[in-house]
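Here is the naming used below: chain letters follow the sequence lines, and residue numbers restart at 1 for every chain. Predicted model only: the values in this text are computed from it and were never measured.
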Amino acid sequence: MVLDCHVRRRQVLGAVAGSAGLAALTGCGLFGADPEPAPPPDALQPVLDEALTLAMAYERAGLASPDLAARLSPMALDHRAHATELAKLIGATLPSGGASGPPTESGTDALAELRKAEQSALKTATAACKAAPSGRAALVGSIAAARAAHAEALR
Amino acid sequence: MSGEMAAALAAEEAAIYAYGILGVKLTTKGDLTEARSSEAIHRDRRDALVLTLAALKASTAPAPAGYELPFEITDRDTALRLAIQVEDGVAQAWRAVLPVTQDGDRATALSALTDAAVRAARWRRLGKVSPATLAWPGRP
């Protein structure tokens with residue numbers, strides 16, 4: 001009976017996030033208030049986090065050095081595209097808003113910093129691609145390749 | 001898996017052929033160094049694939065005697081354009097190997113995809129093509 005209630009609650013949670021679902025939940029009686037353990041983060045969450053961090057770093061660098069903006073903005077867009085597809089794949093919600101935070105260095109220092117960040121993010125994506133189930137391998141592989149190509153383009 | 005690997009082999013063969021043709025039209029020392037090292041890498045990849053496919057006992061179609069180039073190579077610009085196209089094609093072929101492999105074979109495919117994307121970016125930079133990168137290297 002308790003088990004049945006839990007199963008139903010999960011199904012309800014999965015199916016509807018609205019008020020109808022919540023109303024059904026409260027009908028679960030004594031055990032209805034059990035805290036559900038948070039699901040472990042998706043293996044691709046770190047790849048998604050880095051895509052967003054990189055996008056914002058490019059956007060900040062472009063704001064700090066307008067002469068670099070034309071070169072940097074396509075790469076920022078690449079990372080935004082990666083974040084969008086990853087979020088869709090793993091069911092994450094993307095934070096809204098663009099670049100914020102402290103201004104970065106300008107000029108060659110900024111390029112060197114971005115390059116370092118791409119190389120570190122490349123390692124994450126490479127490991128994630130190797131560990132990914134086959135349905136995800138191509139997507140994550142392209143992200144790794146894009147990061148490597150960005151690092152090259154920043155030379 | 002062997003179908004995707006055979007397609008990667010065909011892409012590597014086509015790349016080796018293309019570099020042989022386009023190398024003649026390159027003019028700067030930087031271009032030539034890049035073309036030579038790219039061709040050597042494609043030969044290594046080709047040789048490794050031949051061994052892998054032999055181990056899988058997969059039959060591979062014999063390489064055609066000649067390839068049709070997508071356009072005529074008349075000068076440095078067309079040579080660079082072909083180099084970019086060739087690397088994009090190699091990236092595509094290797095990307096398709098990722099879902100059908102794991103462990104060492106997947107690592108090889110990923111490294112081939114990544115290298116091709118890096119070389120494509122380098123050729124775009126040498127050819128002053130903007131942007132120098134693609135959002136999804138290897139995605140058809």
If hydrophobic clusters are built from ILVMFWY residues whose side chains come within less than 4.5 Å, do B:Leu82 and B:Leu26 share one? yes

Taking every non-hydrogen pair under 4.5 Å, which of A:Thr126, A:Val140, A:Leu122 racks up the most with chain B? A:Thr126

Looking only at heavy atoms and a cut-off of under 4.5 Å, which of B:Gly138, B:Ala132, B:Ser130, B:Ala121 has the most pairs with chain A? B:Ala121

Looking only at heavy atoms, which of residues 142-155 of chain A get nearer than 4.5 Å to chain B? A:Ser142, A:Ile143, A:Ala144, A:Ala145, A:Ala146, A:Ala148, A:Ala149, A:His150, A:Glu152, A:Ala153, A:Arg155

Can you confirm whether B:Trp136 sits close enough to A:Asp78 that some side-chain heavy atom of one is under 4.5 Å from a side-chain heavy atom of the other? no

So if you build clusters from Ile, Leu, Val, Met, Phe, Trp, Tyr with side-chain heavy-atom gaps below 4.5 Å, do B:Tyr67 and B:Phe71 land together? yes

Hydrophobic cluster membership, with links at side-chain heavy-atom distances under 4.5 Å among I/L/V/M/F/W/Y: are B:Tyr19 and B:Ile41 in one? no

Spell out, yes or no, whether B:Leu80 and B:Leu32 are grouped together once hydrophobic residues are joined by side-chain heavy atoms under 4.5 Å, including indirect joins. yes

Quick one: which of A:Ala132, A:Ser134, A:Ser73 has the most heavy-atom pairs under 4.5 Å with chain B, could you say? A:Ser134

Between A:Leu89 and A:Leu52, is there shared hydrophobic-cluster membership here, with clusters defined by ILVMFWY side-chain heavy atoms closer than 4.5 Å? yes

Which atoms of B:Leu134 come close to chain A, meaning under 4.5 Å heavy atom to heavy atom: side chain ones, backbone ones, both, or neither? backbone

Select all residues of residues 84-109 of chain B having any heavy atom within less than 4.5 Å of some heavy atom of chain A, and report them by number, or 'none'. B:Arg95, B:Leu98, B:Pro99, B:Arg106, B:Ala107

Pairs of heavy atoms under 4.5 Å with chain B: top-ranked of A:Ala81, A:Ala138, A:Pro74, A:Ala70: A:Ala138

Per-residue contact mode, A:Leu139 against chain B (heavy atom under 4.5 angstrom): both

